[in-house]
Amino acid sequence: MTTRHRILQTGPLMPGLEARLAATYELHRLDTQPDPEAWLAEHGEGIVGMATSAVHGCSAAQIKALPSLQVVSSFGVGLDRIDLDAAGRRGIAVGYTPDVLNDCVADLAMALMLDVGRGVSAADRFVRRGEWVERKFPLGRKVSGARLGIVGLGRIGRTIAQRATGFDMPTRYHSRNPVAGVPWGYEPMLHELARWADFLVVITAGGAGTHHLIDAQVLEALGPDGFLINVSRGSVIDEQALVKALQEGRIAGAGLDVFDREPHVPGELMQLDNVVLLPHIASGTQETRTAMADLTFDNLAAFFREGRVLASAR
Ligand code: NAP
Ligand code: 8YV
């Protein structure tokens, strides 16, 4: 009888992915253990793979508690909760799910621009409250032709820029390095991009390098006619500065898919009609989540078959 690879699952995954993992490997679930740390200390030896997600990540402490770990496969593209340095020091392979979610995250960024610009969610609330019979809904902001500033022209940022061409939106971007071979102008100074833009869409990586990149000064530069869209990570925005800017009318509105302390959303944001709040759903379609699940499985399978993951994060 062949022994099956021992895999640790750190949190809930899509049911189909969990079933495939359980059918293929000796699967152990960490998050349902009454004392996960004690479980790791007792059973960590011999676990060779980890199936995790962008939300649950993989910490240095977990890597330390798993002396036989060879591969981590994460459902998601964000790496801010995976300790890549700790994995690198041990030569552990890290797989993730880039590209397969570009379309849906870009679609949702467009949806947020249209919603917050035209007041779609606010108008829906207005109709449901019965206010249409009493007065007219306030005029919105034209999105077609508006200036789009993208913070982070990576895989998803480029997909958003392509979508925006269909809306005739002049587009510029900021990142640490200019991207070769793209038609959109590079702006090395973030606050200059914010000053220029009507819609500032944030789609950088999360983590320490981008912590509070969008601060009070950037919001000030965006100005009272500018809208902020965040589909990256909550940590990239100084949320308190954002709340203040919105309350004082120093920016026009915001569309947010991600927050600093998910799933907790600041109560002040809930009070504001010019803010669209979403529960981190940018990749959340059947098609994209299935593709992410398949790649999470295939990364592990490829590692055990040929010693390397299909999509490597390091
Ligand atoms: P990517 O291809 O690696 O692009 C990341 C971009 O961020 C690059 O253009 C990078 O350019 C830029 N960047 C990194 N650090 C920066 C900094 N300090 N200042 C300015 N720009 C910086 O990643 P992706 O696949 O497009 O995904 C981007 C992020 O979106 C993910 O990391 C994840 O957190 C988030 N995401 C969210 C959802 C959701 O459900 N809301 C779904 C998928 C992804 P430089 O290196 O040149 O600076
Ligand atoms: C995930 C995400 O759906 O890929 C990412 O980085 O944020 C989302 O696509 C979510 O994190 C679940 O892991």
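- Under 4.0 Å is where a charged nitrogen must lie from a carboxylate oxygen, and between R128 and D124 at least one such pair does.
- Shortest non-hydrogen contact noted between Q9 and E18 is NE2-OE2, 2.9 Å.
- Taking a cutoff of 4.0 Å between a charged side-chain nitrogen and a carboxylate oxygen, D225 and R141 do not qualify as a salt bridge.
- In this view, Y25 and F304 satisfy the ring pair (Phe, Tyr, Trp, His ring centres under 6.0 Å) rule, not counting sequence neighbours.
- With respect to D260 and R233, no salt bridge is recorded, no charged nitrogen being found less than 4.0 Å from a carboxylate O.
- Heavy atoms only, all atoms of each residue included: T97 and V100 are closest at O-CG2, 3.7 Å.
- Aromatic ring pairs are classed by plane angle as parallel below 30°, tilted from 30° to 60° and perpendicular above 60°; the pair F137 and F126 is perpendicular.
- Between S121 and the choices N274, D273, D115, the side-chain hydrogen bond (donor to acceptor under 3.5 Å, both in side chains) rule is met once, by D115.
- Proximity of V202 to I229: side-chain heavy atoms (C-beta onward) are nowhere separated by under 4.5 Å.
- Closest heavy-atom contact between D103 and R163: OD1-NH2, 2.8 Å.
- Within the structure, ring-ring contact (aromatic ring centres under 6.0 Å, His included) pairs that include any residue of residues 220-240 comprise F199-F227 (at least two apart or interchain).
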Assess the residue pair H28 and E26 against the criterion (side-chain hydrogen bond (donor to acceptor under 3.5 Å, both in side chains)); give the C-alpha distance rounded to whole Å, side-chain angles, the decisive distance to 0.1 Å, and a yes or no. CA-CA 7 Å; H28 298 272; E26 183 187 311; 2.8 Å; yes

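- Using a 4.0 Å cut-off between charged side-chain N and carboxylate O, K244 and E268 make no salt bridge.
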